[in-house]
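Read the structure below first, then the notes.
We're numbering straight along the sequence, starting at 1. What you are looking at is a predicted structure, and each value in this text was computed from that prediction instead of being measured.
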Amino acid sequence: MSSQLSWTSNSSFGEGVIGAGPASSDSIIEVRPRIQLRGNGARLRLSGSASLGGIAYAKNTQPGAVEPTADLSARLEAIERLFFMEAGYRASQTSENPFGVRADAGSTTNRLTTSQWRFSPVIEGVASGDLRYSLRNDNTWTREIGADNAVASGAGGYFGRVFASIEQPPRPFGWRVEAERSLTQFDDPAETDLAISTARLRLNYAIGEDWSVGVRGGAERNNADPSFDEWRSIAGVEARWQPSPRTSLSVFREKRFFGSGWDLAFTHRQPRLAWNLGLNRGVDTTPAELFRLPSSDNVAGLIDAMFTTRYPDPVERGRIVQDYIARQGLPNATQGPITLFSQRFSIITTRRASVAFTGVRNSLTVSGYVTRTEDALDSGPLATGLAADNNTQKGAAVVFSHRLTPLASLSTTADWSRIRALEALLPDETTQQGLRVQVTLQAAPLTSTFFGGRYRKIESNVAAEGREGSVYMGLDHRF
């Protein structure tokens, strides 16, 4: 349970239009109960966290709100080593207007809550030898909470995916056959259901114990445009390198109906250092993107990776990671690209990188991203041509923490982000910068107090510009 009292010089920071009225100061109180789950039973595994944040303004300069934040997952082994059931729920906040102020904890300005339930029956196992097979049916239902415009309110809907594969790992030759069909149904009845089908054959060869390379080929079709509603070829190459459980690299590139598609994922961890790199280009809709989003707790994830060797039990490690974050006054996550919640069919090109270091008294996390989103079609209802759906986002964040005494720590977070419309559209652009300094005092083994200050600045040619300074204090207790 955490509670926070803050004073802000500009409660309407970044709200409204260019030339909006003067800033209004106000006091804000926020109460946030939360729960963290992590358990491994004989047949059932649970993990994730959930919280409910209540925000109120003393002078009513902004409306109050109660907003859920959650990322929960469960996996049940219904039939031993054969049939599994997975379920989960995710709720998070994003910016309703991507060119407005970024959604920020402790504020209700330009915030939109997205929620997604998911359920997946899965059949997977190993046949004679090491022949592996898998059949899964992913089902998600996405909704918005608090949208003020029709575009966002119709962007939710159903996303379903059926995926089947059978493979033989390279010894040294290997192969994999896979097929997938996905369906997106927007809540807006005027939108046509979007179906995408793909089938691939992948051939691999193990160069050694660490390396494998391969080729892939297949066919795909979709009904997004009449010219695509026929089978088109897929062709590409792939490679994988895993010299140890601590280091992994996988990459592929292939020809698709939208041009080149690729994915590169690299992770490396040491007892005091962890970093990851991801590059990806593919097509997505809003419900599909929310389903595929990785966990937003990238700071907690990097620290968890560093602690893997020292604390192999995931339940114990999760508890130790949260204790470490609380003692150091660290956020669970740094900022990432804004999820564009709209009715769209987009080509998304993403580049992300994160690195974290922990010392005896210091910790440092650095992250950055570049994301380009553009219409996948030249015409039709899903080719919006809007700057909100066709833009480039860039951002970076640095989090530094220093232990002043055994019971006190100082943390600093600096972030920068920019969103710019694609060159062919209007010159819409917004840049935001922020700095936060916080002191955390451990009052008891499970209780900490904190106080600090924050400064934010937004510059834009399409949204209200402004500055905001705030000071705050709070209490956090873990049961």
>> Holding to ring pair (Phe, Tyr, Trp, His ring centres under 6.0 Å), I want the full list of residues that pass it with Phe345, two or more places apart in sequence or in another chain.
In response: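 Applying ring pair (Phe, Tyr, Trp, His ring centres under 6.0 Å) to Phe345 gives none.
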Any donor-acceptor pair under 3.5 Å linking the side-chain atoms of [Y] with those of [X]?
| X | Y | value |
| --- | --- | --- |
| Glu144 | Thr114 | no |
| Gln116 | Thr142 | yes |
| Gln335 | Arg102 | yes |
| Asp138 | Ser120 | yes |
| Gln393 | Ser417 | no |
| Ser367 | Ser354 | no |
| Thr267 | Ser248 | no |
| Arg246 | Thr309 | yes |
| Arg253 | Ser260 | yes |

> Is the charged tip of Arg118 near the ring of Phe291: under 6.0 Å from the six-membered ring centre and within 45° of its axis?
Replying inline: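 No, Arg118 and Phe291 do not form such a contact.
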>> Can you confirm if the NZ or CZ of Arg161 lies within 45° of the ring axis of Phe163 and under 6.0 Å from the centre of its six-membered ring?
In response: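 Yes.
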Hey, what do you get for [atom1] ([X]) to [atom2] ([Y]), rounding to the nearest 0.5 Å?
| X | Y | atom1 | atom2 | answer |
| --- | --- | --- | --- | --- |
| Leu249 | His268 | CG | NE2 | 12.5 Å |
| Ile35 | Ser49 | CD1 | OG | 10.0 Å |
| Gln242 | Glu209 | CD | CD | 12.0 Å |
| Leu72 | Tyr89 | CG | OH | 9.0 Å |
| Asn222 | Arg181 | CG | CZ | 10.5 Å |
| Trp175 | Glu167 | CH2 | CD | 8.5 Å |

Ionic contact status for [Y] with [X], cut-off 4.0 Å:
| X | Y | value |
| --- | --- | --- |
| Arg319 | Asp313 | no |
| Asp229 | Arg221 | yes |
| Arg317 | Asp304 | yes |
| Glu238 | Arg240 | no |
| Arg232 | Glu220 | no |
| Arg171 | Asp130 | yes |

Where the side chain of [X] meets the backbone of [Y], is there a donor-acceptor pair that is under 3.5 Å apart?
| X | Y | answer |
| --- | --- | --- |
| Asp389 | Leu340 | no |
| Arg43 | Glu77 | yes |
| Asn223 | Ala195 | yes |
| Thr286 | Ser342 | yes |
| Glu429 | Phe99 | no |
| Thr113 | Glu67 | no |
| Thr371 | Pro337 | no |
| Asp375 | Leu377 | no |
| Arg310 | Pro271 | yes |

Which heavy-atom pair separates [X] from [Y] by the least distance, and what is that distance?
| X | Y | value |
| --- | --- | --- |
| Asn332 | Ile325 | OD1-CD1, 3.6 Å |
| Asn110 | Val101 | ND2-O, 2.8 Å |
| Ser233 | Lys255 | OG-NZ, 3.0 Å |
| Gly157 | Asp187 | CA-OD1, 3.3 Å |
| Leu277 | Ala353 | CD1-CB, 3.9 Å |
| Ala274 | Met306 | CB-CG, 3.6 Å |

> Around atom CZ of Arg81, are there more than 12 heavy atoms of other residues, nucleotides or ligands at under 6.0 Å?
Replying inline: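 Open.
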> Within a radius of less than 6.0 Å around CZ of Arg136, do more than 12 heavy atoms belonging to other residues, nucleotides or ligands occur?
Replying inline: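 Count over threshold, so yes.
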> Is the shortest heavy-atom distance from the side chain of Tyr205 to the side chain of Pro172 under 4.5 Å?
Replying inline: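 SC-SC contact between Tyr205 and Pro172 confirmed.
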> When the ring planes of Trp241 and Phe266 are compared, do they come out parallel, tilted or perpendicular, using 30° and 60° as the limits?
Replying inline: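 Correct class here is parallel.
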>> I'd like to know whether Ser460 forms a side-chain hydrogen bond (donor to acceptor under 3.5 Å, both in side chains) with Thr430, so could you lay out the CA-CA distance, the side-chain angles of the two residues, the decisive distance to 0.1 Å, and finally the verdict.
In response: CA-CA 4 Å; Ser460 176; Thr430 296; 2.8 Å; yes
> Which one of Thr334, Leu273, Asn276, Thr358 satisfies the side chain to side chain contact (heavy atoms under 4.5 Å, CB included) criterion with Leu302?
Replying inline: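 Between Leu302 and the candidates, side chain to side chain contact (heavy atoms under 4.5 Å, CB included) is satisfied uniquely by Asn276.
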